[in-house]
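What follows is one structure encoded as structure tokens, with my remarks underneath.
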Amino acid sequence: MTGVPASAAGGSSSARRTGPRGTSGAAQEPAGRTNAGSAVERGAAERAATERGTTDQGTTGRGSAERGSTEGGAAGRGGKIAAAAVNQASVWNVANLLTMLRLLLVPAFVALMLGNGGYDPAWRSFAWAAFAIAMITDLFDGHLARTYNLVTDFGKIADPIADKAIMGAALICLSALGDLPWWVTSVILGRELGITVLRFVVIRYGVIPASRGGKLKTLTQGIAVGMYVLALTGPLATLRFWVMAAAVVLTVATGLDYVKQAIVLRRRGIAERRAALKETEA
């Protein structure tokens, strides 16, 4: 009754021994697959997080760039406004103040020149002082403007007006008093006004530079007119005649030279425009 085969017993024992191991091995296989799946899921999650981070960084970068562009644009606009304010304030520089002084000296000169009938040596001396100050400031304001970068639109317009105003006032007063022939006044003023108009006409093609002859003409005119303003007699009266004659010659010669330069400048400008137009059409 008790005779159970040993192999059966052994088999049962072996089954009992291998059963757990078998069960453990079977359990380990799904666990391995689970661990691998978890690793894959973690990898996918990490890649997704990386992509989100990259996307967030790109969005942040674009936002920063947009903010930078906006701030840069605002800064640029602010810089332009500030530059405009500086340019507006620069009108009140020393060069323009000297030009304004010269403009104010014109009525003062006329009043002094015609004071007490226009032939009083004392009044004529005061008029000469006003004229001399105006001519000296004419030499300094342009030099200061070019040297210290004080060139403004106001100065470009007011400076030639002040020059012509003081010279024209002196010539007209002298001719009205009978000290200077009217034809001399007409030649000088006609040339000055004509060249000024010519400069504005050809300014679209370029600027006619001031020549040495023009500077010499201005200096000679100033000396000659100053000598006529003073009540001179004797050899000095004779000398002022020849100085004025030299001023008239230089006035005419430099005027013709400016006309020649204006014609050349205009032709060159027209040729350059036609060449640029042909290149655009081609």
Side-chain angles (χ1 to χ4, degrees), residues 98-99 102-103 105-106 109-110 113-114 118 124 127-143 145-146 155-203 205-232 235-266:
L98 290 176
T99 301
R102 197 157 69 254
L103 288 170
L105 284 173
V106 174
F109 168 81
V110 173
M113 187 70 180
L114 301 178
R124 296 280 285 261
W128 176 87
F131 180 80
I133 292 173
M135 297 304 294
I136 292 173
T137 57
D138 180 33
L139 298 176
F140 281 102
D141 62 353
H143 175 73
R146 291 186 297 270
K156 292 177 183 178
I157 297 173
D159 183 67
I161 292 175
D163 298 342
K164 307 303 182 291
I166 189 66
M167 184 60 68
L171 291 169
I172 291 173
C173 287
L174 290 172
S175 295
L177 293 172
D179 294 339
L180 190 67
W182 276 106
W183 71 266
V184 174
T185 298
S186 300
V187 169
I188 294 177
L189 291 184
R191 183 268 187 197
E192 298 299 333
L193 295 176
I195 294 302
T196 300
V197 173
L198 187 62
R199 284 177 180 272
F200 283 108
V201 170
V202 301
I203 196 171
Y205 305 110
V207 178
I208 303 176
S211 62
R212 293 183 179 180
K215 295 178 181 179
L216 180 60
K217 177 269 305 176
T218 301
L219 178 62
T220 307
Q221 282 183 359
I223 295 174
V225 172
M227 295 179 72
Y228 269 87
V229 169
L230 289 172
L232 300 177
L236 291 178
T238 304
L239 177 62
R240 72 182 182 183
F241 170 82
W242 292 107
V243 176
M244 181 60 74
V248 171
V249 172
L250 288 173
T251 298
V252 175
T254 55
L256 295 175
D257 181 62
Y258 274 115
V259 171
K260 178 183 176 181
Q261 291 186 51
I263 294 173
V264 172
L265 185 63
R266 181 177 179 275

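Owing to the predicted nature of the structure, the values given are computational and were not obtained by experimental measurement. These numbers come from the heavy atoms of this one structure, side chains and all, not from hydrogens, waters or symmetry mates. Residues take their numbers from the sequence shown, with the count starting at 1.
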Exercise. Roughly how far, to the nearest 0.5 Å, is the OG1 atom of T99 from the CZ atom of F140?
Worked result: 13.5 Å

Exercise. Given the rule in the side-chain contact (heavy atoms from CB on, under 4.5 Å) test, do F131 and M167 qualify, once you have shown the distances and angles that lead to the verdict?
Worked result: CA-CA 9 Å; F131 180 80; M167 184 60 68; 4.2 Å; yes

For this session: Grab the two heavy atoms, one from V259 and one from L198, that are nearest each other, plus how far apart they are.
Result: CA-CD2, 3.8 Å

Exercise. Looking only at heavy atoms, which two atoms of A169 and V106 are closest? And how far apart?
Worked result: CB-CG1, 4.1 Å

Exercise. How about M135 and Q221: do any of their side-chain heavy atoms sit closer than 4.5 Å?
Worked result: no

Exercise. Given side chains that start at C-beta, do those of T254 and I195 come closer than 4.5 Å, heavy atoms only?
Worked result: no

For this session: Please examine the side chains of M244 and L180, heavy atoms only from C-beta on, and report whether any two atoms are closer than 4.5 Å.
Result: yes

Exercise. How close do T238 and W242 get, heavy atom to heavy atom, and via which atoms?
Worked result: O-CD1, 3.3 Å

Exercise. With sequence neighbours excluded, what pairs up with S175 under the side-chain hydrogen bond (donor to acceptor under 3.5 Å, both in side chains) test?
Worked result: T185

Problem set entry | Main-chain N/O of A224 paired with R240 side-chain donor or acceptor, under 3.5 Å | no

Exercise. Which value, rounded to the nearest 0.5 Å, describes the distance between W128 atom CH2 and F109 atom CZ?
Worked result: 12.0 Å

Seminar exercise, completed: So OG1 of T218 and CG of D163: to nearest 0.5 Å the spacing works out to 7.5 Å

Seminar exercise, completed: Shortest non-hydrogen pair, A170 vs V225, comes out as CB-CG1, 3.5 Å

For this session: Return the set of residues passing side-chain hydrogen bond (donor to acceptor under 3.5 Å, both in side chains) with R199 (not counting sequence neighbours), or none when no residue passes.
Result: Y258

Problem set entry | Worked verdict on I172 versus W182 for side-chain contact (heavy atoms from CB on, under 4.5 Å) | CA-CA 8 Å; I172 291 173; W182 276 106; 4.3 Å; yes

Exercise. Does the side chain of D138 come within less than 4.5 Å of D159's, by heavy atoms?
Worked result: yes

Problem set entry | Inter-residue atom distance I188.CD1 - L193.CG, 0.5 Å rounding | 12.0 Å

Exercise. Roughly how far, to the nearest 0.5 Å, is the CD1 atom of I166 from the CG atom of L171?
Worked result: 10.5 Å

Exercise. Should R124 and D179 count as an ion pair when the cut-off is N to O under 4.0 Å?
Worked result: yes

Problem set entry | From CG (L105) to CD1 (I133), nearest 0.5 Å | 6.0 Å

Problem set entry | K217: which of V252, T251, V249 passes side chain to side chain contact (heavy atoms under 4.5 Å, CB included) | T251

